[in-house]
Amino acid sequence: MTQRPNNLEHEEVLEVGWHPYALDHAAQELVLKYRDEKNVLNESHKMRMAVAYGLERFWGEHLRFERDNSYESQNKGRYWKSVWMEVAKILDQGNIALPDADGLVTFKQTSKIKEIAAEIWQLSESDRYVALMVLTQFCDALVWWTQRYKT
């Protein structure tokens, strides 16, 4: 995270409790957790690319995998959901509440999907900015660890 919104001064960012967290360690733990699942770690690279499309699209990607009942797709979906939930925990430390932080929304819950998407869109500009920056850095770490630990 090299830049911050122009309307936030350094002191304001620190005031709300924002400081560096162990993104790298959390990413390493997730990569190790999913390391032995077939083709799951390939998703790390796709996650890093998906960040560019925004929080709501990143969040919804796990739903796509839930449609397919194959074991491999289910594992990929769990990986995406785990990443979202981990980033939500990290952001919570900085007083930013990411919608569906508990990862309970499923593919069959149309009204909940609409609700979560709306909540993501309603995040303040600064919260969206910080969330995207943290998610970007987290995905960079996932890619790094994937390249080292992939079987």
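Treat the numbers as computed from the prediction; the structure is a model and nothing was measured.
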Quiz item: At what distance, to the nearest 0.5 angstrom, does OG of Ser82 lie from CD of Glu29?
Solution: 12.5 Å
Exercise. Using modelled atom types only, decide if a donor and an acceptor are shared between the side chain of Lys81 and the backbone of Gly103 within a distance under 3.5 Å.
Key: yes
Practice problem: Indicate if Ile120 and Val134 have the same hydrophobic cluster label, given that clusters are the connected sets of ILVMFWY residues with side-chain heavy-atom separations under 4.5 angstrom. | Solution: yes
Exercise. Could you tell me which residues satisfy salt bridge (charged side-chain N to carboxylate O under 4.0 Å, His left out) with Lys33, sequence neighbours excluded, listed by chain and number?
Key: none
Quiz prompt | Where Gln109 and Leu104 come nearest, the two heavy atoms and their spacing | solution = OE1-O, 3.5 Å
Quiz item: Can you tell me if Arg64 uses its side chain to pair, donor with acceptor, with the backbone of Gly60 under 3.5 Å?
Solution: no
Practice problem: Could you tell me whether the side chain of Trp84 and the main chain of Leu98 form a donor-acceptor pair under 3.5 Å? | Solution: no
Quiz item: Between Asp24 and Trp145, is any side-chain donor less than 3.5 angstrom from a side-chain acceptor?
Solution: yes
Quiz item: Are the side chain of Glu86 and the backbone of Val83 linked by a donor-acceptor contact shorter than 3.5 Å?
Solution: no
Practice problem: Look at the side chain of Ser44 and the backbone N and O of Leu41, then say whether any donor-acceptor pair between them is shorter than 3.5 Å. | Solution: yes
Quiz item: Between atom CG of Leu132 and atom CG of Asp127, what is the distance when rounded to the nearest 0.5 Å?
Solution: 11.0 Å
Quiz prompt | Rounded distance [0.5 Å steps], CD1 in Ile90 versus CG in Leu135 | solution = 9.5 Å
Quiz prompt | Residue pair Lys150 / Asn42, side-chain donor-acceptor N/O under 3.5 Å | solution = yes
Report all side-chain donor-acceptor pairs from residues 48-59 shorter than 3.5 Å, counting only partners two or more places apart or in another chain.
| residue | atom | partner | partner atom | Å |
| --- | --- | --- | --- | --- |
| Arg48 | NE | Asp140 | OD1 | 2.4 |
| Trp59 | NE1 | Asp100 | OD2 | 2.8 |

Quiz item: How about Leu123 and Pro99: do any of their side-chain heavy atoms sit closer than 4.5 Å?
Solution: yes
Practice problem: Check the side chains of Tyr129 and Ser124 for a donor-acceptor pair under 3.5 angstrom, ignoring hydrogens and angles. | Solution: no
Quiz item: Does Gln74 use its side chain to pair, donor to acceptor, with the backbone of Asp68 at less than 3.5 Å?
Solution: yes
Exercise. Return the set of residues passing ring pair (Phe, Tyr, Trp, His ring centres under 6.0 Å) with Phe138 (not counting sequence neighbours), or none when no residue passes.
Key: none
Quiz prompt | Expected output: side-chain Glu66 to main-chain Phe107 donor-acceptor under 3.5 Å | solution = yes
Exercise. Output the distance between atom CZ (Phe65) and atom CD (Glu72), rounded to the nearest 0.5 Å.
Key: 9.0 Å
Quiz item: Where do Thr106 and Leu63 come nearest, in terms of heavy atoms and distance?
Solution: C-CD2, 3.6 Å
Self-check item: Arg78/Glu43 salt bridge by N-O under 4.0 Å criterion
Solution: no
Quiz item: Any side-chain heavy atom of Lys46 within less than 4.5 Å of one from Trp80?
Solution: yes
Practice problem: For the residue pair Gln28 and Tyr149, confirm or rule out a side-chain donor-acceptor distance under 3.5 Å. | Solution: yes
Quiz prompt | Criterion side-chain contact (heavy atoms from CB on, under 4.5 Å) against Tyr71, the qualifying member of Lys76, Glu37, Lys38 | solution = Glu37
Quiz prompt | Spacing of CZ belonging to Arg67 relative to NZ belonging to Lys108, to within rounding of 0.5 Å | solution = 13.0 Å
Self-check item: Minimum heavy-atom distance between Val105 and His62, given as atom pair plus value
Solution: O-NE2, 3.5 Å
Quiz item: Looking at CE of Met47 and OG1 of Thr136, how far apart are the two atoms once the value is rounded to the nearest 0.5 Å?
Solution: 13.5 Å
Quiz item: In the single-linkage hydrophobic clustering (I, L, V, M, F, W, Y; side-chain heavy atoms under 4.5 Å), do Val87 and Leu32 co-cluster?
Solution: yes
Quiz item: If you group Ile, Leu, Val, Met, Phe, Trp and Tyr by side-chain heavy-atom gaps below 4.5 Å, do Tyr79 and Met85 land in one group?
Solution: no
